[in-house]
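What follows is a single structure, written as structure tokens, with notes after it.
Every chain is numbered from 1 and lettered A, B, ... according to where its sequence line falls, protein lines coming before strand lines.
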Number of protein chains: 2
Amino acid sequence: MTQPDNPSLRTRQRQQREAQLLQLARHILQHEGFAALSMDRLTALSDVSKGTIYNHFCSKEDVLTALSISSLQRLNLLFQRAVQHGTHSRECALALHYCYCLFGESEPALFLCLFSAATPAVLEKASPERLALRLQLEQQLLAQCEQLIQQACLHLVLPPAAGTLVSHYAYLNWALAFGSNALFAPGQHLGLFRQISLSDVCLQGVNLLFDGMGWQPLSTQQDYQQYWRQLDLQLKPGLLEIIHKELS
Amino acid sequence: MTQPDNPSLRTRQRQQREAQLLQLARHILQHEGFAALSMDRLTALSDVSKGTIYNHFCSKEDVLTALSISSLQRLNLLFQRAVQHGTHSRECALALHYCYCLFGESEPALFLCLFSAATPAVLEKASPERLALRLQLEQQLLAQCEQLIQQACLHLVLPPAAGTLVSHYAYLNWALAFGSNALFAPGQHLGLFRQISLSDVCLQGVNLLFDGMGWQPLSTQQDYQQYWRQLDLQLKPGLLEIIHKELS
DNA sequence: ACCTGAACACCGTTCAAGT
DNA sequence: ACCTGAACACCGTTCAAGT
């Protein structure tokens, strides 16, 4: 029979190598651009053969999907940390948006993976296993948002409305956060929105959306810009630690 | 000297062929998927040689960018038509969102081109000329939004705020519209948001955003769901005509 | 001036041979 | 059981030759 430690050791080594490969892929994206990411290039930078790389990823697009998964895992951790910071539900929700914005600003390459991995060309060639994992992680993120919204309804600081309110609200929060971040990078690249600060516009967008929802206290009653600055001072260092843990 | 008609004829023929090639590319994307779009496949379906195709597009990614440009041109036309429909500025702005949503729903493949063309892998390999044209068209779209917002401020139905209000508001509208549409397609693909209607969630998002901005009349004062249905009845046919003009 | 398609280089993917 | 890298197929891109 095999030794009891052997399989777990193998698994650990395998995971470690996969993390190294993803690290290298990230390096290529960051320093040589997305067009430079090829299996050849990845093989050249790694210390394994092409066949071994295909033992981890079924296609080049699967590599991008794996990077998007590690982004989602990191976002989940950020959310878990940030949601504890606020003193009421609207502050907590704002803290989640702060996480998303911070992630996009401090790790643009990883955010662009998240963006690119949602593209049909990538979705079509990613492995079913990774797509399932991605779905699970996105559901986890959504669940954190929905829980917060539900809590706000229960505490009567968020007026109830008809229909599938909670999932719609969560969708719209996600859409606004994703859209704000996704527009920014290519916009800058093209020369659009040159005078806009991502952080400012995200904060403003969330304020408007939450005010529209009637989520109390409204931005006329509390200065959320000040809370955002508070997040910068109190939460940012811990979040950056999470983002950079086991990165580079 | 050359005949006076010759150059314009040449140009027209050239444009016509380019339109045909884009039409074929669209056909591949729609019926065979994004992964199936290759210069070989495009050549096979066309009646010209590969070299001629490279005479129009500097790369495969340039083809996607060209399709995103024709999407933007169509959106511009839709906006021009729709903005005239409303009886006050908030209705006009809602009509613009209606256009975006309708475009995403009725031409998902073209919307996905818009989405994919914002991806770094595509941006890096598109021709500078097309990127410049794209920038121009996006600025045109933005200008239409900003004009509407400015008008609302002048008519005192949109409370003025500090700083670069107008461009921020336009950015957020775009981010919400883009995000709502962009999340939907891959979400459906993954199995996320299965119970959500794109149209419903877009309308709700815009209502919340505009209410948050204080854009009068608020959604508590006017039933915008009814106006949305009105757009379905009165505006949709004309818009679909614009969308499908010179398409398949 | 423009079109052609063979040619080339590179890249994605596989798999027989090796350990 | 896993790794290797040669081999293959396909794809993106170019360009000498042709009209």
Side-chain angles (χ1 to χ4, degrees), chain A residues 1-18 20-21 24-25 28-29 32-67 116 119 121-128 130, chain B residues 1-18 20-21 24-25 28-29 32-66 116 121-128 130:
Chain A
M1 301 294 269
T2 59
Q3 298 105 303
D5 267 16
N6 226 9
S8 83
L9 182 71
R10 280 274 165 82
T11 307
R12 210 152 46 79
Q13 281 177 337
R14 205 188 131 82
Q15 284 174 342
Q16 220 171 314
R17 187 170 50 196
E18 191 161 304
Q20 276 168 12
L21 288 171
L24 288 175
I28 296 171
L29 296 179
E32 306 172 29
F34 275 66
L37 180 65
S38 74
M39 296 309 246
D40 270 0
R41 187 84 190 100
L42 188 52
T43 307
L45 290 188
S46 80
D47 48 8
V48 292
S49 71
K50 250 188 190 188
T52 299
I53 289 180
Y54 273 90
N55 209 302
H56 286 270
F57 310 102
C58 77
S59 68
K60 175 185 150 177
E61 285 74 18
D62 210 27
V63 177
L64 274 179
T65 305
L67 282 172
S116 301
T119 263
V122 176
L123 281 173
E124 288 172 15
K125 301 200 78 186
S127 67
R130 278 213 169 72
Chain B
M1 299 295 271
T2 58
Q3 300 105 301
D5 267 15
N6 224 9
S8 83
L9 182 72
R10 280 275 167 82
T11 307
R12 210 154 43 81
Q13 282 177 336
R14 204 187 132 82
Q15 284 173 343
Q16 220 171 316
R17 187 170 51 195
E18 191 162 304
Q20 277 168 10
L21 288 171
L24 288 175
I28 296 172
L29 296 180
E32 306 173 29
F34 275 65
L37 180 65
S38 74
M39 297 308 247
D40 270 0
R41 186 86 190 100
L42 187 54
T43 307
L45 290 188
S46 80
D47 49 8
V48 293
S49 71
K50 251 189 193 189
T52 299
I53 290 180
Y54 274 91
N55 209 302
H56 286 270
F57 311 101
C58 78
S59 67
K60 175 184 149 177
E61 286 73 19
D62 210 27
V63 177
L64 275 179
T65 305
S116 301
V122 176
L123 281 173
E124 288 172 15
K125 302 198 80 186
S127 68
R130 279 212 168 73

How many Å lie between [atom1] on [X] and [atom2] on [N], as a whole number?
X        : N       : atom1 : atom2 : value
Phe57(A) : dC11(C) : CZ    : P     : 19 Å
His56(B) : dA1(C)  : NE2   : P     : 17 Å
Leu42(B) : dG5(C)  : CG    : C1'   : 16 Å
Glu32(A) : dC11(C) : CD    : P     : 11 Å

Task: Minimum-distance pair of heavy atoms, taken over all atoms of Val122(B) and Ser116(B) - done: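 Answer, listing the atom of Val122(B) first, then Ser116(B): CG2-O, 3.3 Å.
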- [ ] Please report the shortest heavy-atom distance between Phe57(A) and Ala66(A), naming the atom on each side.
- [x]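 Here Phe57(A) and Ala66(A) meet closest at CE2-CB, 3.8 Å.
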Open item on the list: Main chain of Ala35(B), side chain of Glu124(A): is a donor-acceptor contact present, judged purely on distance under 3.5 Å?
Closed with: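 At least one qualifying donor-acceptor pair exists.
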TODO: Evaluate side-chain contact (heavy atoms from CB on, under 4.5 Å) for Asn55(A) paired with Arg14(A), printing each intermediate quantity in order.
DONE: CA-CA 10 Å; Asn55(A) 209 302; Arg14(A) 205 188 131 82; 3.4 Å; yes
Open item on the list: Side chain of Arg10(B) only, heavy atoms from C-beta on: which candidate in dC2(C), dA1(D), dT4(D) is closest?
Closed with: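 Among the listed nucleotides, the one closest to the side chain of Arg10(B) is dC2(C).
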Open item on the list: Please confirm whether the shortest side-chain N or O distance from Arg17(B) to OP1 or OP2 of dC3(C) is below 4.0 Å.
Closed with: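 Checking Arg17(B) against dC3(C): at least one side-chain N or O falls below 4.0 Å of OP1 or OP2.
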Open item on the list: Check the phosphate of dC3(C) against Asn55(B), side-chain N and O only, distance under 4.0 Å to OP1 or OP2. Yes or no?
Closed with: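 Result: yes.
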Task: Dot-bracket encoding per residue of DNA chain D, Watson-Crick/G-U cut-off under 3.5 Å, | denoting interstrand - done: ||.|||||...|||||.||
- [ ] Salt-bridge test for Asp62(A) and Arg130(A): reply yes if a basic N is under 4.0 Å from a carboxylate O, no otherwise.
- [x]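 A salt bridge is present here (some side-chain N lies under 4.0 Å from a carboxylate O).
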Task: side-chain contact (heavy atoms from CB on, under 4.5 Å) between Ser127(B) and Thr65(B), intermediate numbers included - done: CA-CA 9 Å; Ser127(B) 68; Thr65(B) 305; over 6 Å; no
Each nucleotide N or O in nucleotides 12-16 of chain C that has a protein N or O under 3.5 Å away: list the pair and distance.
| residue | atom | partner | partner atom | Å |
| --- | --- | --- | --- | --- |
| dG12(C) | OP2 | Met39(A) | N | 2.5 |
| dG12(C) | N7 | Lys50(A) | NZ | 3.1 |
| dT13(C) | OP1 | Lys125(A) | NZ | 3.1 |
| dT13(C) | OP2 | Tyr54(A) | OH | 2.9 |
| dT13(C) | OP2 | Lys60(A) | N | 3.3 |
| dT13(C) | O5' | Tyr54(A) | OH | 3.4 |
| dT13(C) | O4 | Lys50(A) | NZ | 2.9 |

Open item on the list: For the CG atom of Asp40(B) and the CG atom of Leu45(B), what is their distance to the nearest 0.5 Å?
Closed with: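 Output value for this atom pair is 11.0 Å.
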- [ ] Look up atom NE2 in His56(B) and atom CD in Gln20(B), then write down how far apart they are to the nearest 0.5 Å.
- [x]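 Reported to 0.5 Å precision, the distance equals 9.5 Å.
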